[in-house]
Amino acid sequence: MATSSAAHPAGFTTTTGTADRFSASDRRRRRAGARRAGSGTDRGGGVIRVLVVDDDDLMRAGLRAVLSSDESIDVVGEAADGRAAVDSVRRLSPDVVLMDVRMPRLDGIAATRELIAAAPETRILMLTTFEDDDYVFGALSAGASGFLLKRTRPEQLIEAIHTIAGGESLLSPSVTRTVIDRMARQPQPDPSAGRRLRELTPRERDVLELVARGLSNAEIAKSLIVEESTVKTHVKRILAKLDLRDRVQAVILAYETGLIRPGA
């Protein structure tokens with residue numbers, strides 16, 4: 001059966017019958033997925049509460065339209081700049097903040113830094129048209145759990161919201177490459193950061209190195225010949241010992257300390 005394309009105000013394109021209208025079974029699956037995300041930041045009884053932050057009115061409207069196609073996502077508010085975002089998070093307690101980078105009053109990176117300090121349980125997904133190294137690295141270093149470009153397909157954005165709410169981190173391949181390239185330009189590993197690795201056991205260091213190389217838990221388990229549940233336990237302990245929010249920060253630390261070198 002032929003499908004027709006519809007353009008959202010935000011510039012996202014969807015195909016009727018896929019991103020705009022999910023089947024009943026798909027909606028049930030997503031609701032179930034949101035409930036399972038309770039081990040992450042989902043505090044809404046099975047519904048993921050999202051705050052949309054962008055200084056473009058049309059973009060915010062488009063993002064709301066895209067996210068509203070998933071019944072397990074509730075857009076609880078909008079903000080037009082970073083300062084308003086910080087205020088809205090304190091008032092609305094969203095699970096996930098969908099954050100633009102370049103905004104007036106307070107940009108997305110500075111807002112992320114403030115939000116992480118004020119509400120560390122809130123997950124932040126950066127969504128921007130800019131793939132500049134400084135923006136990417138700045139956002140991730142500030143504590144963002146993911147970074148996507150605005151050309152991302154609507155269904156991928158929805159999946160990203162579920163991933164972030166479930167306590168995982170998310171980077172597009174191009175953004176991952178940007179992080180690695182940026183770390184490659186670091187002249188020398190930071191000795192003070194390296195001392196933090198002393199808290200880890202040899203096996204935890206092995207796991208951290210594989211995480212930094214981009215391997216999934218399943219791939220790490222296969223490499224080390226252990227159960228995937230064992231890898232998950234190691235990752236959880238690594239994050240706790242090093243006081244890291246997620247795998248994104250673990251990757252950055254691994255490069256900063258020289259545990260892994262780009263191209264090695």
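Nothing fancy with the numbering, it's 1 onward along the sequence. Keep in mind that this is a model prediction, so the values were computed, not measured.
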| query | Do the non-hydrogen side-chain atoms of F147 and T128 ever get within less than 4.5 Å of each other? | reply | yes

| Which atom names give the shortest non-hydrogen contact between V50 and P94, and what distance separates them? | C-CB, 4.3 Å

| message | In the structure I gave you, are the side-chain heavy atoms of I164 and S145 within less than 4.5 Å of one another anywhere? | response | yes

| said: What verdict does the salt bridge (Lys or Arg N to Asp or Glu O under 4.0 Å) test give for R83 and E114, after you've listed the backbone C-alpha separation in whole Å, the side-chain angles of each residue and the deciding distance to 0.1 Å? | reply: CA-CA 9 Å; R83 180 54 59 203; E114 286 196 22; 2.9 Å; yes

| note | Here the pair of heavy atoms bringing A79 nearest to L51 is N-CD1, 4.5 Å

| remark: Distance col, row T122:OG1 vs I116:CD1, nearest 0.5 angstrom, shows 7.5 Å

| task | Could you grab the distance from atom CG of L244 to atom CD of Q249, nearest 0.5 Å is fine? | result | 5.5 Å

| said: Please enumerate all residues that pass salt bridge (charged side-chain N to carboxylate O under 4.0 Å, His left out) together with R90, with sequence neighbours excluded. | reply: D87

| remark: In terms of heavy-atom contacts, V53 and V97 come closest through CG2-CG1, 3.7 Å

| task | Starting from the C-alpha separation in whole Å, work towards a yes-or-no answer on side-chain contact (heavy atoms from CB on, under 4.5 Å) for L242 and L200. | result | CA-CA 8 Å; L242 300 179; L200 304 181; 4.1 Å; yes

| Quick one: are I73 and H162 in side-chain contact, heavy atoms under 4.5 Å? | yes

| Worked check of side-chain contact (heavy atoms from CB on, under 4.5 Å) between R247 and I238 | CA-CA 10 Å; R247 295 169 82 102; I238 290 167; over 6 Å; no

| remark: To the nearest 0.5 Å, atom CG of D107 lies from atom CZ of R113 at 8.5 Å

| D74 backbone acceptor or donor facing R49 side chain under 3.5 Å | no

| task | Step by step, work out the salt bridge (Lys or Arg N to Asp or Glu O under 4.0 Å) result for D100 and R60. | result | CA-CA 10 Å; D100 190 19; R60 292 200 308 276; over 6 Å; no

| Which value, rounded to the nearest 0.5 Å, describes the distance between R213 atom CZ and L210 atom CG? | 7.5 Å

| note | Residue set satisfying side chain to side chain donor-acceptor pair (under 3.5 Å) with E228, at least two apart, ordered chain then number -> none

| Sub-4.5 Å side-chain heavy-atom contact between R203 and V226 | yes

| query | Side-chain contact, heavy-atom cut-off 4.5 Å: V86 with L106? | reply | yes

| query | Do you know which two heavy atoms are closest between P104 and A80, and how far apart they sit? | reply | CD-O, 4.2 Å

| query | Within a strict 4.5 Å, meaning less than it, do heavy atoms of the R123 and R245 side chains meet? | reply | yes

| message | As an exercise, state the distance from CG of L208 to CD of E204, rounded to the nearest 0.5 Å. | response | 9.5 Å

| request: For R64, check salt bridge (charged side-chain N to carboxylate O under 4.0 Å, His left out) against everything at least two apart and list the hits. | output: E78

| said: Are L67 and L98 packed together at the side-chain level, in the sense that at least one heavy-atom pair is separated by less than 4.5 angstrom? | reply: yes

| message | Using modelled atom types and a 3.5 Å cut-off, is there a donor and acceptor pairing between side-chain atoms of S69 and backbone atoms of A65? | response | no

| Would you say S223's side chain and E219's backbone share a donor-acceptor pair under 3.5 angstrom? | no

| Between V207 and L224, does a side-chain contact (heavy atoms from CB on, under 4.5 Å) hold up when you go through it step by step? | CA-CA 9 Å; V207 171; L224 298 180; 3.8 Å; yes

| task | Please round to the nearest 0.5 Å and tell me the distance separating atom OG1 of T257 and atom CZ of R195. | result | 12.0 Å

| Could you go step by step and tell me if I124 and V96 meet the side-chain contact (heavy atoms from CB on, under 4.5 Å) rule? | CA-CA 6 Å; I124 300 173; V96 176; over 6 Å; no

| message | Less than 4.5 Å apart, side chain to side chain, heavy atoms only: is that true for V101 and M126? | response | yes

| request: Locate the shortest heavy-atom distance separating T112 from M99; write the atom from each residue and the value. | output: OG1-CE, 4.1 Å

| said: For V89 versus A119, what's the shortest heavy-atom pair and its separation? | reply: CG1-CB, 4.0 Å

